Amino acid sequence: QVQLVESGGGLVQAGGSLRLSCASSGRTFSRYAMGWFRQAPGKERELVAAISRSDVRTYYPDSVKGRFTISRDNDKNTVYLQMDRLKPEDTAVYYCAASTPYSSYYYRAGEYVYWGQGTQVTVSS
């Protein structure tokens, strides 16, 4: 079982920045691709950033590409989401997620099976 705990959400004005962190328990963090999802009221859950096990490859949808940056520190069992130039449409609950062990498909939303509790990000206009 992978335990994930997000932090860093909050209220920010449009154009501002936030950095989310996700801490994982255990010694097997590098076995998992990691992703960040978000879900706004009335909308489907969306994969907004993903990173491979090796910390070499990343994925972003067009909605956030160029504004969001995912990174991981396998020595600290932590994944981050740096969000810049935030827009009101970015308002959502953001969830950290881990893939099935040893997954090579970090860019596929269906690979993620472990979830954090979520952290609220609210961007005011």
Side-chain angles (χ1 to χ4, degrees):
Q1 183 68 37
V2 178
Q3 309 289 338
L4 303 172
V5 180
E6 303 99 331
S7 62
L11 175 64
V12 65
Q13 291 185 329
S17 297
L18 284 174
R19 189 190 192 201
L20 306 183
S21 298
C22 174
S24 176
S25 63
R27 300 177 177 176
T28 60
F29 184 67
S30 63
R31 296 181 182 178
Y32 306 93
M34 299 297 297
W36 287 94
F37 291 76
R38 69 185 181 189
Q39 188 163 25
K43 294 187 176 181
E44 297 291 329
R45 185 183 62 187
E46 178 188 19
L47 177 65
V48 297
I51 189 165
S52 64
R53 295 173 56 222
S54 65
D55 192 19
V56 173
R57 293 177 289 276
T58 57
Y59 162 83
Y60 309 94
D62 290 341
S63 58
V64 307
K65 192 173 183 63
R67 300 188 298 117
F68 289 12
T69 304
I70 188 171
S71 61
R72 68 189 296 164
D73 187 337
N74 288 347
D75 292 332
K76 296 182 178 179
N77 289 358
T78 303
V79 63
Y80 306 94
L81 184 66
Q82 178 67 43
M83 303 184 292
D84 298 317
R85 303 190 304 281
L86 283 161
K87 304 175 180 179
E89 64 197 63
D90 296 320
T91 295
V93 177
Y94 283 71
Y95 297 91
C96 178
S99 73
T100 56
Y102 308 106
S103 176
S104 296
Y105 302 102
Y106 64 96
Y107 50 87
R108 289 202 316 209
E111 294 295 292
Y112 294 89
V113 296
Y114 303 103
W115 301 89
Q117 82 287 353
T119 185
Q120 177 71 47
V121 172
T122 302
V123 184
S124 62
S125 60

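Model, not experiment: these values are computed from the prediction.
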Shared-cluster residues of Y59, by chain and number - hydrophobic side chains joined below 4.5 Å: F37, L47, V93, Y95, Y105, Y106, Y107, Y112, W115
Remaining members of hydrophobic cluster (4.5 Å side-chain criterion), L11: none
Answer yes or no: is there a donor N or O on one side and an acceptor on the other, between the side chain of S52 and the main chain of R57, under 3.5 Å? yes
Joint hydrophobic cluster, Y80 plus F68, side-chain heavy atoms closer than 4.5 Å: no
Here the gap from S24 atom OG to Y32 atom OH, rounded to the nearest 0.5 Å, amounts to 7.5 Å
Hydrophobic cluster membership, with links at side-chain heavy-atom distances under 4.5 Å among I/L/V/M/F/W/Y: are F29 and V113 in one? yes
Could you tell me the separation between the CD1 atom of I51 and the CH2 atom of W36, rounded to the nearest 0.5 Å? 12.0 Å
Using modelled atom types and a 3.5 Å cut-off, is there a donor and acceptor pairing between side-chain atoms of R31 and backbone atoms of P101? no
Have E46 and S63 got a donor and an acceptor in their side chains that come within less than 3.5 Å? yes
Would you give the length of the straight line joining atom OG of S99 to atom CZ of R108, rounded to the nearest 0.5 angstrom? 10.5 Å
Passes side-chain contact (heavy atoms from CB on, under 4.5 Å), V48 versus M83? Steps please. CA-CA 11 Å; V48 297; M83 303 184 292; over 6 Å; no
Interatomic distance, T119 atom OG1 to R38 atom CZ [nearest 0.5 angstrom]: 14.5 Å
So, the side chain of Q117 versus the backbone of E6: is there a donor-acceptor pair under 3.5 Å, distance only? yes
